[in-house]
Each structure stands twice: as structure tokens, then as C-alpha cells.
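Reviewing the structure listed below.
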Amino acid sequence: MVGYCAQSHDAEFPDDNWNLYQHIDTESSAVLNATVAGASAGEVATRGSLAAVLRPHERRFLRQPWLTSDADEELLLVLRFTSPVRVRKILIVGGGGESEVEGDEELAAHPSRLSCFVNRHEIDFGNVRDMEATQEFDLMVNTKGDAELTTRVSAFSEVTSLALYFSANHGDVPRTLLRYVGLQGEHSHHRREAVHTEYELLCCPHGAGLGNSHVC
């Protein structure tokens, strides 16, 4: 039986209970995203581009960096964890923010639909539409960052990889903008090596994005 823990391992944000970003293997996830069909050599994930949206809850409103789709409104993010986790809630912040007004083009780019796939390592842009999602959500424009998505916990236990597929946005515009992905839950202690995110990569204007996406 796996034992789970909800304590934050981030010394800078010890009270951050939206803590699963600390337990994502950014290097392994970068490799997974690099194999996603439809990604060009210049659009594969790096540790820096993953960290663009995986960061402490307190930093969810940072305007930059963000992650956007390149060719169309579809955005696929594949995450691998350092040890099994249980995901209870998901928080998505896309275009827009507390200081922005309705009608802003960033609000139109906020994702409107999310499909989640648990432990589906073979997923890519070529087959994601044909797969049955573990759970799907309609997303509101989350300008205040408090619209939480509650998972069916029985289906989100023992999670070693999680694919997040954003299929559309609110304005039917040719890019989807993603600013923050929060994953709340518990992690196990099967592996204890720390995941150190290199935040200095985030502001690099030439940073590569995820499959079919880029970082600004």
C-alpha cells in the first residue's frame, strides 16, 4: 500500500499545499513531450518551458513566462512524476488576470476545455482525440485563480503520468494561452530525489515550448 504525504518540500514556500509541481520529473517530462506527434524539433519541451506553468501557487498570476500553442488552439502537456501521486484538485489559469479587463485578447485565448488522461504514456496529438479521457472539464475564464476542478480521486490515485489536453479556447482564436497549472494532492515517498526547477531559464526569449507550443 502506498503512503501519501501532503507536506510541501519547497523551503521557500513551506505552506504551499498546491505542491505537486515539486514532484514532477521535468527532465523525463521534457522527453515525453519531445516525442509527441506534431511537435517540430524547435517546439519540444525543456525543463524551463515546463516550469513556465508549473510553479508555486503564490506565483500563479505572474504575467510571464506563459505557454501558448503555436499552430492552432490545441495544447497538450504530458507530465511524469518522480513517484506516484494522488491528484485531488486541478487549477488552471490561462489568459487574463486580476488587473485585466473583459474583452482583452488574452481572455479569448484562455482554454475552455480540458481532458485529463492518467497513466497513458503513449498519448500524442495523433491519437488523443480517439482516447477516452479519465475525466473532462469545461473551464471558465479563471481571472481570480480560484476556480478549482475536483477530480474523481479513485481515478487519480497512483498517478505516474498525467496528460492535460486543452482542445479549445473561449474566443476560438488560433492560440491558447496557459499561465499556471496547479495540481493539489498527495505524493508518495517511493523516490525522494528533489526536482530542482531552473527558474532562470524561464525568462529566456529563445526558450522552446511544448509540442505544438512555445514559451513567451
Side-chain angles (χ1 to χ4, degrees), residues 18-21 23-24 29 32-33 36-39 45 49-55 57 60-61 65-81 85-97 106-157 159-185 209-215:
W18 287 89
N19 63 8
L20 293 182
Y21 73 93
H23 307 287
I24 292 172
S29 298
L32 282 178
N33 283 283
V36 169
S49 61
L50 285 167
V53 295
L54 303 169
R55 55 195 183 204
H57 186 256
R60 67 194 182 279
F61 288 127
W66 58 51
L67 189 64
T68 64
S69 58
D70 267 347
D72 53 34
E73 71 277 12
E74 296 180 279
L75 183 61
L76 178 61
L77 185 65
V78 186
L79 306 174
R80 177 169 287 175
F81 296 89
V85 300
R86 177 183 292 129
V87 181
R88 296 186 177 276
K89 294 181 180 180
I90 301 173
L91 182 64
I92 302 297
V93 178
E106 288 189 13
L107 297 182
H110 191 294
S112 61
R113 185 72 174 169
L114 168 63
S115 299
C116 301
F117 301 84
V118 172
N119 299 340
R120 300 299 298 269
H121 304 291
E122 74 281 14
I123 197 166
D124 59 33
F125 276 111
N127 59 27
V128 65
R129 300 172 198 83
D130 300 322
M131 288 187 175
E132 181 178 357
T134 306
Q135 192 168 353
E136 296 182 301
F137 300 94
D138 289 317
L139 304 179
M140 63 184 295
V141 177
N142 195 10
T143 56
K144 296 186 180 299
D146 56 4
E148 301 173 356
L149 308 173
T150 302
T151 68
R152 295 193 298 270
V153 178
S154 60
F156 284 78
S157 298
V159 179
T160 57
S161 72
L162 177 63
L164 305 175
Y165 174 55
F166 302 92
S167 57
N169 55 53
H170 281 273
D172 294 324
V173 294
R175 68 166 186 156
T176 294
L177 190 154
L178 190 60
R179 182 165 281 129
Y180 173 80
V181 174
L183 301 173
Q184 187 186 55
L210 300 180
N212 226 32
S213 59
H214 70 276
V215 177

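- Here the straight-line distance linking atom OH of Tyr21 with atom NE2 of His57 works out to 11.0 Å at 0.5 Å rounding.
- At least one side-chain heavy atom of Tyr180 sits less than 4.5 Å from a side-chain heavy atom of Arg55.
- Other residues, nucleotides and ligands contribute over 12 non-hydrogen atoms within 6.0 Å of the CD atom of Glu122.
- Closest approach of Ala147 to Met140, counting heavy atoms only: CB-SD, 3.5 Å.
- Put simply, the side chain of Leu77 does not reach to within 4.5 Å of the side chain of Leu75, judged on heavy atoms.
- Here CZ of Arg80 is found 12.5 Å from CD1 of Ile24. Values are rounded to the nearest 0.5 Å.
- The shortest side-chain heavy-atom distance between Cys116 and Ile90 falls under the 4.5 Å cut-off.
- Side-chain contact between Ser161 and Leu79 is absent, with no heavy atoms from C-beta onward closer than 4.5 Å.
- Note that CZ of Phe156 and OG1 of Thr134 are 5.5 Å apart. Values are rounded to the nearest 0.5 Å.
- Two residues are said to be in side-chain contact when any heavy atoms from C-beta on lie closer than 4.5 Å; Ser115 and Val128 fail this criterion.
- When atom types are taken as modelled, the side chain of Asn142 and the backbone of Val93 share no donor-acceptor pair closer than 3.5 angstrom.
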Taking it one step at a time, do His121 and Thr160 satisfy side-chain contact (heavy atoms from CB on, under 4.5 Å)? CA-CA 9 Å; His121 304 291; Thr160 57; 3.9 Å; yes
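- By the side-chain hydrogen bond (donor to acceptor under 3.5 Å, both in side chains) test, Ser167 pairs with no residue at all, sequence neighbours left out.
- Checked by atom type and distance alone, the side chain of His23 never pairs as donor or acceptor with a backbone atom of Phe81 at under 3.5 Å.
- Note: Phe117 and Tyr165 have tilted aromatic rings, judged against thresholds of 30 and 60 degrees for the angle between ring planes.
- In this structure, CG in Asp72 is found 13.5 Å from CZ in Arg175, a value given to the nearest 0.5 Å.
- Closest heavy-atom contact between Pro111 and Leu178: CG-CD1, 4.3 Å.
- Residues Thr176 and Glu73 bring no donor and acceptor atom of their side chains to less than 3.5 Å of each other.
- Side-chain N or O atoms of Asn169 include none that pairs as donor or acceptor with a backbone N or O of His110 at under 3.5 Å.
- Counting only distance, with no hydrogens or angles, the side chain of Thr151 and the backbone of Val87 share a donor-acceptor pair below 3.5 Å.
- Residues Phe137 and Ile92 are not in side-chain contact: their nearest non-hydrogen atoms beyond the backbone lie 4.5 Å or more apart.
- Not counting sequence neighbours, the partners of Asp138 by the side-chain hydrogen bond (donor to acceptor under 3.5 Å, both in side chains) test are Arg113.
- Here the closest non-hydrogen pair linking Ile123 and Ala163 is CG2-CB, 3.8 Å.
- Applying the salt bridge (charged side-chain N to carboxylate O under 4.0 Å, His left out) test to residues at least two apart or on different chains, none of the pairs has a partner in residues 164-174.
- Contact of the Leu183 side chain with the Leu162 side chain is registered, since non-hydrogen atoms from C-beta on lie closer than 4.5 Å.
- For the atom pair OG (Ser157) and CZ (Arg86), the distance works out to 4.5 Å, reported to the nearest 0.5 Å.
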